[in-house]
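Just so it is clear, the model here is predicted, and its values are computed rather than measured. Residue numbers begin at 1 in each chain, while the letters A, B, ... track the order of the sequences.
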There are 2 protein chains.
Amino acid sequence: MANAKTNKTPPAPEEKATRGRAHVYNLVARYMYRGLMVGAFLPGQVMSLRKLAAALGTSPMPVREVLSRLVAANALEETKGGSVRVPRLTPEKIADLFDVREQLEGNATERAAKSCTKDLITELTAINKSLLQAIEKRDIMNCLSQNQKFHFTLYEASGSDVLMPLIESLWLQFGPTMYMSFLVPSMPWDASSHVKIIEALKAENPGAAKRAMLHDIRRTGQALLNVGGGQSIELPFTRGLELLFDT
Amino acid sequence: MANAKTNKTPPAPEEKATRGRAHVYNLVARYMYRGLMVGAFLPGQVMSLRKLAAALGTSPMPVREVLSRLVAANALEETKGGSVRVPRLTPEKIADLFDVREQLEGNATERAAKSCTKDLITELTAINKSLLQAIEKRDIMNCLSQNQKFHFTLYEASGSDVLMPLIESLWLQFGPTMYMSFLVPSMPWDASSHVKIIEALKAENPGAAKRAMLHDIRRTGQALLNVGGGQSIELPFTRGLELLFDT
DNA sequence: CGACTAAATTATTGATCACATATTGAGATC
DNA sequence: GATCTCAATATGTGATCAATAATTTAGTCG
């Protein structure tokens, strides 16, 4: 502090003053969203309003709104002090989460399979190819990203804008824990269940597609539980917000 | 602007100036939450930040956060201008909403039934009694309120903090439309399905409880669809925020 | 040397402000 | 008389600020 809070800059708009007024919110939102999905933020990590704002080069205002919405989506939880942090999942909660996942995503898969087009199959195949490449490179973040893309592309085809946000909320909740599950040897690095899903889609068999999806979800759930529910493994989440990604 | 916006009151803290700094947010949140559940806000209604804040005697700030969270919960939607309004449901969306309701709330009911206590049955019976009284008086808002209380008390007993927020999101979505369904003659004003649910709980039969719940949900869904999906009926939502309720 | 206390730092919260934009209304023109 | 234009109004967004509350740190006492 020394002399002053150095916040004596109201009259001087500086250079980046009136920088693009094109919804800073969306930028921040996408950043946080992907960060949670891809493992940039880990369970237990506390999100500081000011620090996030500073790291993103904006005021606390838009960050505040984004974090608030993520709390509403149960992706983040508030501390008693009003701060928000990435929740640490208990094994019970993981089991619960994946039980509901099976219900909702099973439903979405069945619906999508019933109105499946050739284009969708082509797209899913392409995504799965990218996923395999990421697996090859042992690129965790890309694995998570492509895996998410695969699932959400499929679910989107269900045409349900009721299911989508709910599923999204679930993914935001277990997303941060997913990253850690890739760090244990028991995690199977493959995309075999995805292949089965695509095959069921090709065969125009919604029931089989649903079953394959349930299998995929259950397998992932088991892997997450084996990690220890995000309790045993404690990563030094030094890598903060610096590691950005494509806009 | 003539002389001034009459907002020349920064130096005069008046009487209620430093009124309890105990989270204005929670007050506003509860107000909006109940308002949506109980029919104080109707489909199509636009929420103005400043007006809501003025009506609630606070600054736009906390209202902003609450509305933002409700958008995240799909209870409200944003217009292109950034305003938020209560969504108008299409028949397809209602059907979708109630399809997912059956899944999630059926699950919650089954779980709750498996760990059902005598206290729960007592509580549900009491709530249902209040519901019947509200029905007797043709008190729509109280009907909605007691009905919601009945369902959520039961679901809460499932012990799943994964299911609860999702179910809550669904209720916030069809809540405003529910009010209107009570205005058409085809709406059955009774609580018979609730009685069946309680009986199944007493009989310690989770399967029967689930079936009774599914029946209740399906019946409500049909009633909502018969209304016309919130399109045909257009209420003059004159009653605004004035009609408050207990804190 | 450890634990408790108190001060200082840092945090979010609610309020106000400035700006850009969307909406509305009135007026003039065709 | 209808429509187009432009001004006035209203609204959300991002930033700043004051105040409360929590956390941390340093200091002292046991």
Can you see if the side chain of B:Ser48 gets near the phosphate of D:dT11 - specifically, an N or O under 4.0 Å from OP1 or OP2?
yes
With sequence neighbours left out, what residues match B:Glu156 under side chain to side chain contact (heavy atoms under 4.5 Å, CB included)?
B:Met164
Residue list, side chain to side chain contact (heavy atoms under 4.5 Å, CB included) with B:Gln146, at least two apart or on another chain
B:Ile127, B:Ser130, B:Leu131, B:Asn142, B:Lys149
Would you check if the distance from the ring center of A:Tyr179 to the ring center of A:Phe41 is below 6.0 Å?
no
B:Glu78 CD to C:dT23 P, in whole Å, measures 14 Å
Is the shortest side-chain N/O distance from B:Lys80 to OP1 or OP2 of D:dG12 below 4.0 Å?
no
Is any side-chain N or O of A:Ser59 closer than 4.0 Å to OP1 or OP2 of D:dG14?
no
Rounding to a whole Å, what distance do you find between B:Arg50:CZ and C:dT23:C1'?
14 Å
Listed by chain and number, what are the side chain to side chain contact (heavy atoms under 4.5 Å, CB included) partners of B:Arg111, not counting sequence neighbours?
A:Asp96, A:Asp99, A:Val100, B:Asn107, B:Ser158, B:Ser160, B:Leu163
Of all residues at least two apart in sequence or in a different chain, which pass the side chain to side chain donor-acceptor pair (under 3.5 Å) check with A:Asp161?
none
Atom CD of B:Glu65 and atom C1' of D:dG12: how far apart are they, to the nearest Å?
16 Å
Figure out the CZ/C1' separation between A:Arg85 and C:dA11, and round it to whole Å.
14 Å
Sequence neighbours left out, what passes side chain to side chain contact (heavy atoms under 4.5 Å, CB included) with A:Ser68? Give chain and number order.
B:Glu65, B:Arg69
On DNA chain D, nearest-nucleotide positions of A:Gly81 versus A:Arg64: which is more 5'?
A:Arg64
Using whole Å, report how far CG of A:Leu27 lies from P of D:dT13.
15 Å
Report the residue (B:Pro60 or A:Val84) whose heavy-atom-nearest nucleotide on DNA chain C is the more 5′ of the two.
A:Val84
For a quick check of understanding: with a heavy-atom distance under 4.0 Å over all strands, which category does B:Thr79 fall into, base, sugar-phosphate or nothing?
nothing
Quickly work out the B:Leu49 CG to D:dT9 C1' distance and round it to whole Å.
17 Å
If only side-chain N and O atoms of A:Thr58 are considered, is one of them under 4.0 Å from the OP1 or OP2 phosphate oxygen of D:dA15?
yes
Between C:dG14 (C1') and A:Met61 (CE): distance, integer Å
10 Å
Any residue in residues 67-75 of chain A with a heavy atom nearer than 4.0 angstrom to DNA chain D? Just list them by number, or reply none.
none
Once the angle between the rings of A:Phe152 and A:Trp171 is folded into 0 to 90°, is it parallel (under 30°), tilted (30 to 60°) or perpendicular (over 60°)?
perpendicular
Rounded to whole angstroms, how far apart are OH on A:Tyr25 and P on D:dA15?
15 Å
